[in-house]
Structures are given as C-alpha cells and as structure tokens.
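Remember, it's 1-based here, ligands and their atoms both numbered in the order they're listed.
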Amino acid sequence: MTFPRCDQTVAWQALKGHFEAHGRGLDLRDLFAQDPQRASRFGFEAAGVFVDASRAHWDVATTRHLLDLARECGIEARRDALLAGEPINQTEGREVLHTALRAPRGQAPHSDLVHETLDQMLAYVEGIRATAGGPAGGDIHDVVNIGIGGSDLGPQMVVPALDPFVHPGLNFHFVSNVDGHDLAAVLRRVRPEHTLFIIASKTFTTQETMANAQAARQWFLEQGGQDIARHFVATTTNVEGAAAFGVTTTFGFWDWVGGRFSMWSSIGLPIALALGRDHFKALLAGAHAMDLHFAQAPLESNLPVWLGLLDVWYRNFKGYTSHGIAPYHHGLRRLPAYLQQLLMESNGKSVDQDGEPLPYATSDVVWGEPGTNGQHAFFQMLHQGSDVIPLEFILVRQATHRDESQWSPALQALMAQQHQVLLSNGLAQAQALMWGKTQQEAVQETVPTAASSGLAVDVLARHRTFAGNRPSLTLVLDQLTPESLGALVALYEHRTFVSGALWGINSFDQWGVELGKALSKDLLPRLATGDVSGLDAATAALIGRLR
Ligand code: F6P
C-alpha cells in the first residue's frame, strides 16, 4: 500500500495557501460572529462521547482541506489495514491489534485466543472477588500492581476513574518507579496473607519491574508469607520469563498488543479485579463501540479522524508546540499521564516509515492536571502568557459517588452543588480563553481600585487585559462509566493512529527509549566502583558526587 506522505500531497499545498490567506489570522470571536451555526457545525458525537470543536482554530474551509489531505494520504485504507491485522508496525514486523481485544467473539483476528484468555482471566477474577476483604488468611484485601509505562498507566488511570464500581473489599496500589520509596510506601500498608502482587510486564525484562518484583517477593517471605503461587501472578507475553521468576499463575497476551495499548489485555487484570466481569466487559464494549464508529463512519463525521487532522493542522500549520488535558473529574486525574505515553511514545518520531528524516514536526508535548486544581497553578500562563496552548476540557455531566446512598439528603445536596461548581468552572475557563478581556473592559473594571494601587488606570488595565482567541476543545461524557471511559480511551487511541498515519511515521514502535536504558546498564556498576574511564566530564563529575 503506497500513499504519499502528507507533505507530498496536493492538499498540503492547498492547506499552505489557505493558512497564509486565512488560517494564520483566524479569530474565534469573528468565526462565531460570522457563522451562527458554528457550535452545532463543529459538535460531534460518537459512542457516547461528545466533542465541541467549535472553539478550535479552524473554519469550514480548513476542514475541507484537511479532509482532502486525509483522503489523499489514504487514511481509510490505512485504517482498514490496521483493523484487518496487517503488519503495519514495520520496524518490529508486527500487527497492531489492540482493537481485537475488545471485539465480540468471532469479529476480529485472533478471536479464539483473545476470548479464551479473557474467559480464564475473568474466571480467576471472580474467584478472588468472591472472598475479597474476608477474614481468612488468603482472602485478598490489597492488590499491588508492579509494572511501568503501558503495564501501569492504564490500570492506574482506570481504577480510580471508576471508583464507584470498585469492589468495596479491595484496595489497589500501583508500584512503578525503580525508586524503592515507591514500593516501600505500599509495603508499609499491606499484609502478606491478604495481598495479591501482580507482576505486569509485556517483556518480563523491564529493569524497574524486575527490581520491584524481587524486592516484593523478598518482603513477602521475610514477613512470613505463605503460598507464593497464590499471592504472586504475572501478566506478560513472556510466560517462560515469568515461570523462571517463580510465578506459576500467568495471564498471557501477545506481541501484537503494544504496551501503551494493552489495558484491554491481561494487563487490565487490576481493572478486572476492581470492576468484576460485567463491568470489565462493559469497558471493552465501550471501546468497541468507538472502534466501530472509527471503522464505519464517513470521514466527514469520523471523530478520531477530525481530532487527528486537528493535530496536524495545529502542529504543522499553526505551530503549536504543546496541548494540555484538563479533566474536570477528579477520578480522571491520571488521564494526562496515560495520554502522555499514548500520544508522545507513539508519535514522538522524526523519520518516516522509510527512515527518511521528516521536514515537519510530529507529536507536540502533552501534559495536564485535573480541573479545578490546574486553574490555581498554570492557567495564568494559558490566559496571559506569550504562547498559545490549546487545551482539552473533559466534562462529565453527572457525578457518580461511591458512597452516595449512605449520605444524608443535606450532604447529597452539597455534593451535587459541588459538581455544578466544577462544571461551571470548566465552562468558564473555556469561555475566558476564547473571549479574553479587552483593554476597554479592563479600564472600566480598574477605575475603582486604581487609586489605591498608585498606578495609572491604563497601566493597571493592561495587566488585567486578556488577549483571548485561545483555542480549546470540550469533550463531554454523560457519566463516567466503564462504557464511556472505554470509548474515550479508544477515541484517543484512534486519534493517535490518524495523526501518525498522516505524518507517515510508525506510531507503534518506541526505539527512542532504548538508548537511556542501555547507558544506565553501563553506569550502574560504575556507581559502585567509581570507574569513570571513558565517560564524558559531566557524567564523571556527577558520579563522583553521588558516590
Ligand atoms: O518505556 C518503554 C516501554 O517499552 C513501554 O513501551 C512499555 O509500556 C514499558 O516500557 C514497560 O514495558 P514492559 O511492559 O515490557 O515491562
């Protein structure tokens, strides 16, 4: 399958012309004034996820050119190749089939394997959950997931997000950092007879995970733990590696599941333990609903396609270097970290599929914090700083609290009001970013206080002026449920694929993480011996200081 790289298309040239003529100077306030239908024109919904893209820096002409680009780059054929299991991860010679993990039986490649493993895992999960929190030795109270990157971030994000659905007898802990402070803080809070350790690693060779797993096993034995086979399980593609470590219960997955796309596989074991069979299946079903939308919707109404196109427009034409994720739901507090790996490990590349250096930018920097906390930290810079940084608000219409039924009506009312406060803050920030505040408005506001400040009214007003015209997207879920969260994550996965495909890169390898890993292996013994021969002067001096 050969399609041109984005910069070699007719549509790219047209986009350049459009950018120079209109795109550079787009002002959201003018766009809304000129087009009364703009809010509905740029409102999209799929699988229960609504996206308001009307406050993005684009207009109808931009989107026409972008859709032309998608067609010319063969995005539909590329998507079909992904979903059919063609080996599109060329540098590793692999298929990319995370979508097969959430497809109903018989509807995707590897279906028998996927469903057999899923059934085994869910049967195990139900066994643990049946006695979880109980008094007998061996009843599990605490689940400690030891894994990093894709073997950590998905479960660590989903379990708190779906807190109202979590088994009340189970506590979940996530240990990822090779820094022993991470593991030690968890071990202080658990007892061996009531703890299940999950060693989660696609390769079962990752230095951090192996170090934490060894330390956890040592702690377990020293604390008088019995029955390692019951208290340590593994989720991995390397079943032999897990067996060599001494783990006999292993839930497998396959090399065609990328680490950052693996929460739907056995890497999702903590999620399944937390939620149980039905809700875990609902999470998969939500993702599958988004897969169907991505597979079937025409480009003009295809949500992941729109968002992938926006990424290209922002990065390569508008020149934005980063975007923020602001989930206005405390349960989604780890979503920015999850999306950092998904988007940046996938699309932080600078050669195309043929190894040719790219003449244009790829992944931007992704970061974020939940609202309203971020408002009291970095929003100052978003509103009045010198860079334009698009923001993605995620709002959830209805709150779901785990203990709600036990609350008095008065407390329920207070909590309900807090949710309205949360939503009003999210809405207001998007509004403020777009509208800003003119010098004239600032002057009016400033007059009463100027005298006491000792500054001239117009000077003070300049400090209180907001340029506005700062773009954002607002994503809305009705409730945060397994289905809606599954759909939301799948939306971001497919968006990543779309922008990566347009950029002509392989979104499914991660060679960029290897160099640092190799160098740290060389440095580890040097920290013990002090041998700095052959090292650069900076590293040698730091080793001297750290010893
Ligand atoms: O950081 C690189 C990476 O390979 C990620 O892609 C992966 O999710 C993580 O390390 C953990 O790898 P593993 O699951 O093999 O332990």
(request) Please write down residue, atom name and distance for the protein heavy atom closest to atom 13 (P) of ligand 1. (result) Thr206 OG1, 3.2 Å
(message) Any nitrogen or oxygen of Thr209 lying under 3.5 Å from a nitrogen or oxygen in ligand 1? Just yes or no.
(response) no
(message) Which label fits Tyr328 and Phe393: parallel for a plane angle under 30°, tilted from 30 to 60°, or perpendicular past 60°?
(response) tilted
(request) Measure from the ring center of Phe220 to the ring center of His231 and say whether it is less than 6.0 Å. (result) yes
(request) Report the relative orientation of the aromatic rings in His194 and His141; use parallel for angles under 30°, tilted for 30 to 60°, perpendicular for over 60°. (result) parallel
(message) Just to confirm my output: which protein heavy-atom neighbour is closest to atom 15 (O) of ligand 1, and how far is it?
(response) Thr203 OG1, 2.6 Å
(message) Just checking Tyr338 against Tyr492, ring centres under 6.0 Å apart?
(response) no
(message) Starting from atom 4 (O) of ligand 1, what is the nearest protein heavy atom, named by residue and atom, and what distance separates them?
(response) Lys517 NZ, 4.0 Å
(message) When you measure from the heavy atoms of Glu208 to every atom of ligand 1, does any distance fall below 4.0 Å?
(response) no
(request) Would you mind checking which non-hydrogen protein atom is closest to atom 9 (C) of ligand 1, with the distance to 0.1 Å? (result) Ile148 O, 3.7 Å
(message) For atom 2 (C) of ligand 1, what is the closest protein heavy atom, and at what distance to 0.1 Å?
(response) Val513 CG2, 3.5 Å
(request) Would you mind checking which non-hydrogen protein atom is closest to atom 8 (O) of ligand 1, with the distance to 0.1 Å? (result) Gly150 N, 2.7 Å
(request) Could you tell me whether Arg102 sits above the aromatic face of Trp264, with NZ or CZ closer than 6.0 angstrom to the six-membered ring centre and within 45 degrees of the axis? (result) yes
(request) Test the Arg217-Phe245 pair against the cation-pi criterion, namely NZ or CZ under 6.0 angstrom from the six-membered ring centroid and within 45° of the ring axis. (result) yes
(request) Of all the heavy-atom pairs spanning Thr209 and Ser201, show the shortest one and how long it is. (result) CG2-CB, 4.1 Å
(request) Below 4.0 angstrom from a heavy atom of Ser151, which ligand 1 atoms are there? Numbered from 1 as shown, please. (result) 13 (P), 14 (O)
(request) Measure the distance from atom 6 (O) of ligand 1 to every protein heavy atom, then report the residue, atom name and distance (to 0.1 Å) of the closest one. (result) Glu345 OE1, 2.8 Å
